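Before any comments, here is the structure.
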Amino acid sequence: DSAAVQRHRNTIVDCLKDPDVSIRTRALDLIFKLVTVDNVEALTAELLNYLVISPAENRAEVCTKVLKVVDQFSPGDRWRVDTLITLLTIAGKDCAEKVLASTIMYISSAGDDLRAYCTHKLVKAIRDDDGTQEGLLVVGIWCVGEFGELLLSPYSNPDAEAKYAALEPHDVVKLVSDVVANIQCPESVKQRALTCYAKLTQRFEHCDPSVVTKLKVLIKKYEGSMNLELQLRSCEYSVLVGGVGKGALARMPMVDAAVVARKAALSTVNSGDLFSDDADTDGAGNGISAAAVSAAAPKPAGGDLLDLDDIFGANTPAPAPADAAAAAPAVQATQSSDADLLSDIFAAGPAPTPVQPAAAMPPANGGLLDPFAAPAPSALPPAAAAPQPAADILDVFAAQPPAAPVAAAPVMASSNPVVPGYAADGFELTFECCPDGEVIAHFKNTLMQDITNLVLQAAVPKYLTMNMSPPSSTTIKSGDGTSVTQSIKIVNSQKGVKKVMLKLKISYSVGGNKVETTATANQFPAGF
């Protein structure tokens, strides 16, 4: 009961200062669930205070959750950007890219008064920083380049109790050049600084000509840099500021923050929020909670049925207009008010055609030159087709296989159906459907380097129970397509009525870079 928990809000906030890290972590989770429009300012202040003492490994997650709170419950534009700038000054080096992008979006979509306020405040924050908060430097330098002319005028707002003095063009240029000159300055900040220099040549074109000359010198400084990106930007910007393409340095167009925020809310489920504490990702198979998606998935006007077809890709033959997509689940909800909400969502659709293993495919020449070739595949499903004894003879006497594979599916010595799971960038995941509800995940690596730190997580509807075994290895050697497997036991309580489907989260490392992605496997055969 949310109201009951709200009564203990002060106690939960005090737990953020407890020396026990487990108590602090649990209190933090509860606070995010307690946030409302009425208490967002007070609780966000407590979250920012906690961020100061938070362990480094947890800061990125806390920053992302604070961004979600700001997006959903912000009482005003000025409070929103104030909170995000404070967040950057505390944990700018730990923030994810989407925090920086959202901050820039909100500033660029604001009016001139709020833009001037944000730019002045960011300049002051950069001056007070020791050069380690990368996120603060990225956003601050972007604002200086985009709205640098606003710094040439003083800013004061009695309502916001903010007052900033005007800066000289030389002071603005020196501020950015001092940041770049810092020995700790990362390459990403230097790249943004070059873009800032190029933009300031237009923003300050009516000022002292020596300022523009200084900016052109700073741009040319990296024409011989060993860093390819810096060298490329330096050379191209030198051409632009020389008069060839000044139009390319025009101000960024206005961004509709409300539209972007709505799209971001709808994409949170696809970006992996199903694998938060509200979802079943530990292999227990207890199903996905409606609370995990209620904040992001739009609700139809006619009922409370959650429309998750776009998440799981189930029963979606073709795109439909937004009104039709919202009306269909609403009608279903009114017809059966006591229906199982999530079960209706995961209702089985038309049975997909199972993927045939490559070993069962007929030869390209139709078997005319091979008297021992297996007969054509039966029209029955692979599980019902009788085994062909000729296949064993074929393995012994047939000619050498062709150089190119005849099917994209991995070669498996069985007639079990194979369901595609995910394939991209040299990584491939397929599922072999075995008898007795066992699913074997096969991992394939076609890259020139090994894949390490492999982790596969899965969430299922609540009419399924799932038990995942550890993978046979967390490392997939280069070119390996058969040795690494993972067994998954699935029990379908509505077998023959609703089909099996998995929401997947896959993470692995390649060449020291971590890759995380999500996918949906919903092509399991009917009756499995």
Side-chain angles (χ1 to χ4, degrees), residues 44 47-48 51-52 59-60 62-71 74 77-151 155 160 162 164 167 171-182 184-200 203 229 233 249 251-255 257 260-261 264:
T44 302
L47 292 173
L48 294 177
L51 196 57
V52 177
R59 287 187 177 182
V62 175
C63 290
T64 302
K65 289 186 175 181
V66 170
L67 172 64
K68 292 180 180 179
V69 169
V70 170
D71 285 339
S74 174
D77 294 339
R78 186 178 295 272
W79 180 87
R80 180 189 290 117
V81 294
D82 265 335
T83 302
L84 292 176
I85 292 175
T86 304
L87 179 70
L88 294 176
T89 60
I90 298 173
K93 62 183 176 183
D94 302 305
C95 289
E97 286 289 338
K98 61 182 177 181
V99 178
L100 310 184
S102 296
T103 305
I104 290 175
M105 178 197 68
Y106 286 126
I107 295 174
S108 64
S109 63
D112 287 340
D113 181 77
L114 189 54
R115 286 177 176 178
Y117 168 74
C118 293
T119 307
H120 275 284
K121 184 169 184 174
L122 284 166
V123 166
K124 182 180 183 303
I126 291 175
R127 284 177 169 173
D128 296 339
D129 185 58
D130 59 357
T132 60
Q133 301 294 354
E134 180 179 353
L136 172 66
L137 300 179
V138 168
V139 175
I141 289 177
W142 181 90
C143 285
V144 170
E146 195 72 12
F147 312 116
E149 74 279 7
L150 300 178
L151 295 171
Y155 177 85
Y164 298 99
L167 299 179
D171 295 334
V172 177
V173 176
K174 185 177 184 301
L175 170 76
V176 181
S177 61
D178 287 346
V179 170
V180 175
N182 191 328
Q184 299 180 359
C185 182
E187 297 295 331
S188 61
V189 176
K190 294 180 180 179
Q191 294 167 12
R192 268 71 172 195
L194 281 175
T195 305
C196 175
Y197 294 150
K199 290 181 178 180
L200 289 179
R203 309 295 185 261
E229 181 65 24
R233 291 191 184 213
L249 301 173
R251 196 179 310 283
M252 177 178 159
M254 180 72 76
V255 179
V260 177

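None of the values given here were measured: they were computed from a predicted structure.
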Open item on the list: Using a 3.5 Å distance criterion without hydrogens, assess whether the side chain of Ser108 forms a donor-acceptor pair with backbone atoms of Met105.
Closed with: yes
Task: Candidate pair Leu200 and Cys196, rule side chain to side chain contact (heavy atoms under 4.5 Å, CB included), full reasoning - done: CA-CA 6 Å; Leu200 289 179; Cys196 175; 3.8 Å; yes
Task: Arg233 side chain vs Gln191 backbone, donor-acceptor pair below 3.5 Å - done: yes
TODO: Mind listing the closest non-hydrogen atom pair of Thr86 and Thr89 along with its distance?
DONE: O-OG1, 2.6 Å
Open item on the list: As a quick check of understanding, evaluate side chain to side chain contact (heavy atoms under 4.5 Å, CB included) for Val179 and Val189, giving each step before the final call.
Closed with: CA-CA 9 Å; Val179 170; Val189 176; 4.0 Å; yes
- [ ] Flag this pair as yes if the NZ/CZ of Arg78 is under 6.0 angstrom from the six-membered ring centre of Tyr117 and inside a 45 degree cone about the axis; otherwise no.
- [x] yes
TODO: Can you run down the side chain to side chain donor-acceptor pair (under 3.5 Å) pairs that involve residues 173-182, sequence neighbours left out, and say none if there aren't any?
DONE: Lys174-Asp178
- [ ] Indicate yes or no for a side-chain donor-acceptor contact from Arg59 to the backbone of Cys95 under 3.5 Å, with no hydrogens or angles considered.
- [x] no
Task: 4.5 Å side-chain heavy-atom contact, Asp171 and Leu175 - done: no
- [ ] Can you measure from CZ (Arg127) to CG (Leu122) and round to the nearest 0.5 angstrom?
- [x] 12.5 Å
TODO: Before giving the answer on side-chain hydrogen bond (donor to acceptor under 3.5 Å, both in side chains), spell out for Gln184 and Thr132 the whole-Å C-alpha distance, their side-chain angles and the decisive distance to 0.1 Å.
DONE: CA-CA 7 Å; Gln184 299 180 359; Thr132 60; 5.5 Å; no
Open item on the list: Run Asp71 and Arg80 through salt bridge (charged side-chain N to carboxylate O under 4.0 Å, His left out) and show every step you take.
Closed with: CA-CA 8 Å; Asp71 285 339; Arg80 180 189 290 117; 5.0 Å; no
Open item on the list: Using 0.5 Å steps for rounding, measure from the CG atom of Asp82 to the CG atom of Leu114.
Closed with: 8.5 Å
- [ ] Carefully, step by step, assess Leu84 and Leu88 under the rule side chain to side chain contact (heavy atoms under 4.5 Å, CB included).
- [x] CA-CA 6 Å; Leu84 292 176; Leu88 294 176; 5.6 Å; no
- [ ] Would you name the heavy atoms of Ile107 and Cys143 that are closest together and state the gap between them?
- [x] CD1-SG, 3.8 Å
- [ ] List the atom of Leu150, the atom of His120, and the distance in Å for their closest heavy-atom pair.
- [x] O-NE2, 3.4 Å
- [ ] Please examine the side chains of Val123 and Leu167, heavy atoms only from C-beta on, and report whether any two atoms are closer than 4.5 Å.
- [x] yes
- [ ] Determine yes or no for a side-chain-to-main-chain donor-acceptor pair under 3.5 angstrom, with Arg203 supplying the side chain and Gly145 the backbone.
- [x] yes
Open item on the list: Pair Thr44, Trp79 - check side chain to side chain contact (heavy atoms under 4.5 Å, CB included), show working.
Closed with: CA-CA 11 Å; Thr44 302; Trp79 180 87; 3.7 Å; yes
Task: Pairwise distance CG(Leu67) to OG1(Thr64) - rounded to 0.5 angstrom - done: 7.0 Å
Open item on the list: I want to check something: taking the side chain as every heavy atom from C-beta on, are Trp142 and Lys199 in contact at a cut-off of under 4.5 Å?
Closed with: yes
Task: Non-hydrogen side-chain atoms of Leu194 and Lys190 separated by less than 4.5 Å - done: no
Open item on the list: Can a side-chain donor-acceptor contact be found between Ser188 and Glu134 if the only test is distance below 3.5 angstrom?
Closed with: yes
- [ ] Specify the closest pair of heavy atoms between Leu87 and Leu51, including all atoms of both residues, with the distance to one decimal.
- [x] CD1-CD2, 3.2 Å
Open item on the list: Test your reading of the model: is there a side-chain donor-acceptor pair from Ser109 to the backbone of Tyr106, 3.5 Å cut-off?
Closed with: yes
TODO: Give the minimum heavy-atom separation between Gln133 and Gly92, together with the two atoms involved.
DONE: OE1-N, 2.8 Å
TODO: Could you grab the distance from atom CD1 of Ile85 to atom CD1 of Ile90, nearest 0.5 Å is fine?
DONE: 12.5 Å
